[in-house]
Amino acid sequence: MGVTPAELSEAVAAAVRTAVADGQLSVEAPDTVRIERPKVKEHGDYATSVALQLSKPAGRPPREVAEAIAGPLRGTPGVASVEVAGPGFLNITLDSAAQGELARTIVEAGSDYGRTTTLAGHRFNLEFVSANPTGPLHLGHVRWAAVGDALARVLQATGAEVVREYYFNDAGVQIDRFAASLLAAAKGLPTPEDGYGGEYIGEIAKAVLDGHPAVLQGTDAEATAVFRREGMALMFAEIRTSLADFGVAFDVYFNEKDLHDKGELTAALDRLTAAGHVYPKDGATWLRTTTFGDDKDRVLVKADGEWTYFAADAAYYLDKRERGFDRVVIMLGADHHGYVGRYRALAAAYGDDPDVNLEILIGQFVNLFKDGKPLRMSKRAGTTVTLEELVDAIGADAGRYALARYSTDSTIDLDLDLWARRTSDNPVFYVQYAHARIASLLRNAADLGLQRAELHPELLDDPREGSLLGVLGEFPRVVASAAELREPHRVARYLEELAGTYHRFYDACRVLPHGDEDPSDLHRARLWLVEATRIVLANGLALLGVSAPERM
RNA sequence: GCGCCCGUAGCUCAGCGGACAGAGCAGCGGACUUCUAAUCCGCCGGUCGCAGGUUCGAUCCCUGCCGGGCGCGCCA
């Protein structure tokens, strides 16, 4: 009988309830109890501060509360010892058989290990990237491509239903400028004021010309229409290809135009008007977002009768909600954080709870360094780094891992030289190497005819084995917290810890029999442990969209 | 002026109120007839920006200040 962290947490909660039922404690027992892995091994395999927290409501010193809980907890199968330590911590040590059983649990679960149901029943709409098809994706979009897709995978691993959505506009002013820029390039004229420069404009213009040799014969208006339509299609194809090469696939590409065509802006306006949050001023139509904490009210219909972009946002949000998503998540760059207030107000104006139904995640900027010097990103100077260039420089695996490894709250400095390196300074290689090393070991085991066969979990009693089992046991909790907090970088950090713990185990514990040595139950038990480690590394890398190589 | 994010080791960064704040890199010193040394071990390295507050307990929560990044359109 094994003991997972989740089971142990429940066992502690049960011990509290028992202590209460027996009259040892008079408190309201908490539903769940947090247990954690202590930093120092003297504090046991797991520890909980529940006694410290219950001390005040129980009206008893924390150590007495701890003793009351420790009693019933000591009877839990798999628990070797429970000690009251320090101000009132409960330090729990498992017996090695209970801990070793985890290897079987993981191997039997396979690719399902790490999956939970903590967010089951929720429907998430994750909107990210959402670049208009007027140019290649650049670094600002790419951070969210990596993090957004990883977040989608992590949410799915906790039982949530997830749709990845890309919102774009092919009817706006930006596309007009794009089309005009293509036309100018096709004619050999300089880039128009407010137009798009960059080599790709010339390439796309040429591609459109190749497909429509007579396009410049007609009027400029006719030509512009062709360049707009064909150029956008080519640009979008390029964007989708580069995303696919990066391992990111969207479920829905949502065109703002559809909102207009279906009359959804009018419907949204009607709904907000009926709710009493709309008023006219200076010839325009306003939404009173200040009612819901925004800095200033926002215009929905301009004095000239045109819809604002915000009006489309209003319709789009409603569209998502009506498609059944209870969690509308929008990922934006730091330069768009000013939109948070109005979006939240919008959700509130519809009667939603902006703390529940809407989440706006803001990703800070990424600075690239090469040869120790910053690559200054400037659209105007044409020095933006595109997704394709990033993949060319360091590969899709390193690119995804590097961008998903940090909290999106932090601006990050990425050293391209480091991430291109095939050495252990490069975290993605450190983790992938651990997987490849295991794969190699498993191939050797197969060559030796060594099979896992029966597991004797109590044999996994080396401290290195205990550490490895302890880290392996954390995986489901790490995934769940990454999903809960919308912080997939926790998975990457966890994998680095796991890889390091494995390397230390490997260094100290021989897995395969030497030479003509006969395979023992210990060899077989370690084979279970190694396979379990491989599974967790593979599952974790999969959550980040990074490959788990068999050989390196 | 107002708002959001950040400030932790020389560098890049972890740390969802718990015990003595961690990792990698860099620096120094070790370990390869044996499963991938792309690895491992040891040493060095910190007033967690500053000052208050809340708490049994604060890097974490609150307030103020300092420093850096990014924003504050009837633009899209």
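Computed from a predicted model, the values in this text were never measured in an experiment. In what follows, chains carry the letters A, B, and so on, assigned in the order in which the sequence lines appear, proteins first and then strands, with residues in each chain numbered from 1.
B/G49 sits 23 Å from B/C2 when the P atoms are compared, rounded to a whole Å. Spacing of P atoms, B/C6 relative to B/G15, comes out at 11 Å, to the nearest Å. When the C1' atom is compared between B/G30 and B/G69, the two are found 43 Å apart, to the nearest whole Å. Comparing the same atom, C1', in B/C66 and in B/C50 gives a spacing of 7 Å after rounding to whole Å. Comparing the P positions of B/G27 and B/G22 gives a spacing of 24 Å, expressed to the nearest Å.
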Expected string for nucleotides 58-63 of chain B under the B/S/- scheme (protein heavy atoms, under 4.0 Å, primed atoms plus P, OP1, OP2 as sugar-phosphate) is ------

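Side-chain N or O atoms of A/Ser424 include none that pairs as donor or acceptor with a backbone N or O of A/Tyr430 at under 3.5 Å. Of the possible polar contacts, none joining the A/Ser55 side chain to the A/Ala51 backbone as a donor-acceptor pair under 3.5 Å is found. The backbone N or O of A/Leu332 lies less than 3.5 Å from a partner atom in the side chain of A/Trp144, making a donor-acceptor pair. Listed for the A/Arg477 side chain is no donor-acceptor partner under 3.5 Å among the backbone atoms of A/Glu36. Side-chain N or O atoms of A/Thr308 include one that pairs as donor or acceptor with a backbone N or O of A/Val299 at under 3.5 Å.
Within the structure, every side-chain polar atom (N or O) of A/Lys281 is placed at least 4.0 Å from both OP1 and OP2 of B/C74. Side-chain nitrogen and oxygen atoms of A/Lys296 include at least one within less than 4.0 Å of the OP1 or OP2 phosphate oxygen of B/G73. Between A/Tyr433 and B/C40 there is no side-chain N or O to OP1 or OP2 distance below 4.0 Å. Of the side-chain N and O atoms in A/Arg34, one or more sit less than 4.0 angstrom from OP1 or OP2 of B/G17. The shortest distance between the side-chain N/O atoms of A/His503 and the OP1/OP2 oxygens of B/A38 is not below 4.0 Å. Phosphate proximity of B/U36 to A/Asn444: present, with a side-chain N or O under 4.0 Å from OP1 or OP2. When the side-chain nitrogen and oxygen atoms of A/Arg490 are compared with OP1 and OP2 of B/C16, one or more of them lie within a distance under 4.0 Å.
Residue pairs satisfying the side-chain hydrogen bond (donor to acceptor under 3.5 Å, both in side chains) criterion with at least one member in residues 500-511 of chain A, sequence neighbours excluded, are listed as follows: A/Arg437-A/His503. Among pairs with a residue in residues 57-67 of chain A, those fulfilling salt bridge (charged side-chain N to carboxylate O under 4.0 Å, His left out) read A/Arg60-A/Glu64, at least two apart in sequence or across chains. For residues 282-297 of chain A, the salt bridge (charged side-chain N to carboxylate O under 4.0 Å, His left out) pairs, not counting sequence neighbours, are A/Asp294-A/Arg298.
Side-chain polar atoms of A/Thr134 and A/Asn132 form no donor-acceptor pair below 3.5 angstrom. Side-chain contact annotation: A/Gln174 with A/Tyr196, donor-acceptor N/O pair under 3.5 Å present.
With rounding to whole Å, A/Glu36 atom CD is found 10 Å from B/G17 atom C1'. A/Asp447 places its CG atom 10 Å from the P atom of B/U36, with the value rounded to the nearest Å.
Within 4.0 Å of A/Arg422, counting heavy atoms only, lies at least one base atom of the nucleic acid. Contact annotation for A/Ala436: base contact, defined as any heavy-atom pair under 4.0 Å involving a base atom. Across all strands, A/Tyr406 comes closer than 4.0 Å only to sugar-phosphate atoms, never to a base (heavy-atom distances). Across all strands, A/Tyr506 comes closer than 4.0 Å to base atoms (heavy-atom distances).
Within residues 412-419 of chain A, the residues approached by RNA chain B to less than 4.0 Å at the level of any non-hydrogen atom are A/Ile412, A/Asp413, in residue-number order. Listed by residue number, A/Leu512, A/His514 are the residues of residues 512-532 of chain A with a heavy-atom contact under 4.0 Å to RNA chain B. Using a 4.0 Å cut-off on heavy atoms, the residues of residues 42-57 of chain A that approach RNA chain B are A/His43, A/Ala47, A/Ser49, A/Leu52, A/Gln53, A/Lys56, listed by number.
If you check distances only, the side chain of A/Tyr339 does reach the base of B/A76 with a donor-acceptor pair under 3.5 Å. The base of B/A76 is not paired with the side chain of A/Asp176 by any donor and acceptor separated by under 3.5 Å.
Considering all non-hydrogen atoms of both residues, A/Ala482 and A/Val491 come closest at CB-CG2, 3.9 Å.
Remark: A/Thr158 pairs with no residue by the side-chain hydrogen bond (donor to acceptor under 3.5 Å, both in side chains) rule, at least two apart or across chains. Partners of A/Phe369 according to the ring pair (Phe, Tyr, Trp, His ring centres under 6.0 Å) rule, which considers only residues two or more places apart in sequence or in another chain, do not exist here. Considering only residues two or more places apart in sequence or on other chains, A/His277 meets the ring pair (Phe, Tyr, Trp, His ring centres under 6.0 Å) condition with A/Phe292.
By the 30° and 60° cut-offs, the orientation of the rings of A/Tyr253 relative to A/Tyr166 is tilted.
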Per-residue pairing states of RNA chain B in dot-bracket (Watson-Crick or G-U under 3.5 Å; . unpaired, | other strand) read (((((((..((((....[...)))).(((((.......))))).....(((((..]....))))))))))))....

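With respect to A/Lys370 and A/Asp417, a salt bridge is recorded, a charged nitrogen being found less than 4.0 Å from a carboxylate O.
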Protein-nucleic acid N or O pairs under 3.5 Å, nucleotides 4-8 of chain B:
| from | atom 1 | to | atom 2 | distance (Å) |
| --- | --- | --- | --- | --- |
| B/C5 | O2' | A/Asp409 | O | 2.3 |

